[in-house]
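One structure below.
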Protein chains: 2
Amino acid sequence: MGTSKEVPTRISGSSVRRLSRYYRTLDRVQKQGMSHISSQELAERNGVTSAQVRKDLSTFGTFGKRGLGYPVDSLKDAIAGILGLDRQWPVILVGVGNIGQALLRYGQFRRQGFHIVAGFDVAPDKIGTSIDGVPIYRMERLPDLVAEKEVEIGILSVPAPDAQAVCERMGEAGILAILNCAPITLETPEGVTVRYEDMSIELETLSYALTRGGLQEG
Amino acid sequence: MGTSKEVPTRISGSSVRRLSRYYRTLDRVQKQGMSHISSQELAERNGVTSAQVRKDLSTFGTFGKRGLGYPVDSLKDAIAGILGLDRQWPVILVGVGNIGQALLRYGQFRRQGFHIVAGFDVAPDKIGTSIDGVPIYRMERLPDLVAEKEVEIGILSVPAPDAQAVCERMGEAGILAILNCAPITLETPEGVTVRYEDMSIELETLSYALTRGGLQEG
DNA sequence: AATTGTGAACCTCTTCACAGCT
DNA sequence: AGCTGTGAAGAGGTTCACAATT
């Protein structure tokens, strides 16, 4: 029965990530036919405390029933609404190299509502082809395709030395949110949100943990 | 001249990630022939404050010269030592699918000291082949190859439903650190460190930012 | 004059603990 | 009795601001 509260001013990235994980859990238990779930169980399945789960949810409304737990169906819908997963997001991908191609072929995104509608690259042998049904265009087409398909989200998977320049072109083309897979810190254009997907850094974090023994936080 | 302090008990993941980024910046400016760099400049290039940079470094020792900044060469070496980047890390990869193959072909890891020495899969048509020079084995070979090559780090890139079981087999085989690319929260075996590389969650974070407008933290 | 290293202040996120529903 | 929702307490991480040093 998600009583919606006033929009909370600003939520931390970690809190949003946890909501995504709860959503997955709810999707899974829903398929198993479970009708209610307690903060305790949601917590255990996600490696956090039950207080954390309740706090995260209470930021956005009152979803549970005391003594009973949370109704799976309506909580799932509520989180979908909060995260904006109750719609389709057209996405473009710039950089159809090794990693970019794998992402184009990764069907999971589409299933979750993120539909890659176009790829972009500079390599002449890639332009004009299509990968897993996604057409590959030359970089010059970026602005008009972003406008035409009303795309707000872009995946950046070019080599590190090109990433900053491409990031700027994406911003100019009207992209508002970038998932950066290049191993470099970007100077973000005004009004654009950037998230990092950086495997090298995570490997180095593991290297640190093995070298020094132990890390705070999951 | 990195005076090493007593080993700090426990460092946050974010702090380690920032050190990785500083390391990259140092690598870049070193190639440009810069001999010293200030906390201010290191900060700007990484989107943090100069106090943050100084605090991060001071956890591990005294590396700078007041009035001058940090000597690039020796600071880079010091961070390499802290993160354990002053050696080669043999790595195994389990799950030679779409994403796994891209990672096998991604040369960047090797350049950073993470050398994928073997891939594992259940598909008979993959077993016995090799991808970009990395031989692919059947899952049963996991324990003996981990032992033989003295591998501590593993990349997990199997489909979500198989991830928990594979994670446990990796733990039993002697793997101590896992980079999980499957979109699911793992119940970590005792003594094993896990990091998540979860593009779907980052996309959902972007979806949230676009829907609700704004996110805390970079 | 410039810039580090760091205690103290500040802020944010997490956990506690318990009142209040069901 | 069971479990949520939440104010208050507690931890942890970040920034301030300035003495110390080159």
Side-chain angles (χ1 to χ4, degrees), chain A residues 1-6 8-19 21-22 26 34-72 74-75 78-79 205 214-218, chain B residues 1-6 8-19 21-22 26 34-72 74-75 78-79 205 214-218:
Chain A
M1 269 319 77
T3 306
S4 25
K5 283 189 180 177
E6 311 71 54
T9 28
R10 286 185 133 224
I11 295 303
S12 75
S14 352
S15 175
V16 176
R17 271 188 283 269
R18 284 193 301 270
L19 285 176
R21 296 208 182 87
Y22 304 156
L26 290 165
M34 205 180 274
S35 78
H36 287 74
I37 189 167
S38 66
S39 58
Q40 179 63 46
E41 181 159 5
L42 216 32
E44 274 167 13
R45 291 184 183 246
N46 288 281
V48 297
T49 66
S50 64
Q52 179 77 83
V53 170
R54 295 198 299 277
K55 199 54 131 190
D56 284 337
L57 297 176
S58 77
T59 309
F60 294 98
T62 301
F63 306 106
K65 295 241 185 301
R66 295 175 195 226
L68 261 173
Y70 298 90
V72 171
S74 72
L75 181 57
I79 295 181
T205 306
L215 258 183
Q216 203 85 292
E217 138 213 34
Chain B
M1 261 309 81
T3 306
S4 25
K5 284 189 179 175
E6 311 71 54
T9 29
R10 287 184 132 224
I11 295 303
S12 75
S14 353
S15 175
V16 176
R17 272 187 282 267
R18 284 193 301 270
L19 286 175
R21 297 208 181 87
Y22 304 157
L26 291 165
M34 204 181 275
S35 80
H36 287 74
I37 189 167
S38 66
S39 58
Q40 179 63 46
E41 182 159 4
L42 215 32
E44 274 166 14
R45 290 184 183 245
N46 289 282
V48 297
T49 66
S50 65
Q52 180 78 81
V53 170
R54 296 198 299 278
K55 197 56 128 188
D56 284 336
L57 297 176
S58 77
T59 308
F60 294 97
T62 301
F63 306 105
K65 297 242 184 298
R66 295 175 195 228
L68 262 174
Y70 298 90
V72 172
S74 72
L75 181 58
I79 295 181
T205 306
L215 259 183
Q216 203 84 295
E217 139 213 33

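Proteins come first, then strands; the chains are lettered A, B, ... in the order of their sequence lines, and each starts at number 1.
Counting to the nearest Å, the P atom of D:dT6 and the CZ atom of A:Phe63 are 11 Å from each other. Rounded to an integer number of Å, the gap from CD of A:Glu44 to P of D:dC3 is 12 Å. For the pair A:Leu75 CG and D:dC3 P, the interatomic distance rounds to 16 Å; values are reported in whole Å. Rounded to an integer number of Å, the gap from B:Asp56 CG to C:dT4 C1' is 14 Å. Rounded to whole angstrom, the span from the CD atom of B:Gln40 across to the P atom of C:dG5 amounts to 15 Å. Atom CZ of B:Phe60 and atom P of C:dT4 are 18 Å apart (whole Å). The NE2 atom of B:His36 sits 13 Å away from the P atom of D:dT22 (whole-angstrom rounding).
Residues A:Ser15 and A:Gly67 both approach DNA chain C. Their nearest nucleotides, taken by heavy-atom distance, put A:Ser15 toward the 5′ side. In terms of position along DNA chain D, the nucleotide closest to B:Ala51 lies nearer the 5' end than the nucleotide closest to the other residue of the pair B:Arg66 and B:Ala51. Residue order along DNA chain C, read from the 5' end via each residue's closest nucleotide, puts A:Thr49 first among A:Leu68 and A:Thr49.
Taking only side-chain atoms of B:Gln52, from C-beta outward, the nucleotide of D:dT6, C:dG5, D:dT14 with the closest atom is D:dT14. Taking every side-chain heavy atom of B:Arg54 into account, D:dC18 is the closest of D:dT6, D:dC18, D:dT14. Among the nucleotides C:dG7, D:dA17, C:dC13, the one closest to the side chain of A:Ser12 is C:dC13. With D:dT4, C:dA8, C:dG5 as the choices, the nucleotide that has an atom nearest any side-chain atom of B:Ser58 turns out to be C:dG5. Checking C:dT14, C:dT6, C:dT15 against the side-chain heavy atoms of B:Lys55 singles out C:dT6 as nearest.
Among the candidates A:Leu75, A:Val48, A:Asp56, the single residue satisfying the side-chain contact (heavy atoms from CB on, under 4.5 Å) test with A:Leu42 is A:Leu75. Here the options are A:Gln52, A:Lys55, A:Glu44, A:Arg54, the test is side chain to side chain donor-acceptor pair (under 3.5 Å), and the partner is A:Ser39; only A:Arg54 passes.
Contact annotation: B:Ser38 side-chain N/O to C:dT3 OP1/OP2 distance is not under 4.0 Å. Contact check, A:Tyr70 against C:dT22: no side-chain N or O comes under 4.0 Å of OP1 or OP2.
Nearest heavy atom pair, residue B:Leu68 against residue B:His36, reads O-CB, 4.0 Å. Of all heavy-atom pairs spanning A:Leu57 and A:Ile79, the tightest one is CD2-CD1, 4.2 Å. The two atoms that bring A:Phe63 and A:Tyr70 nearest to each other are C-CD2, 3.7 Å, heavy atoms only.
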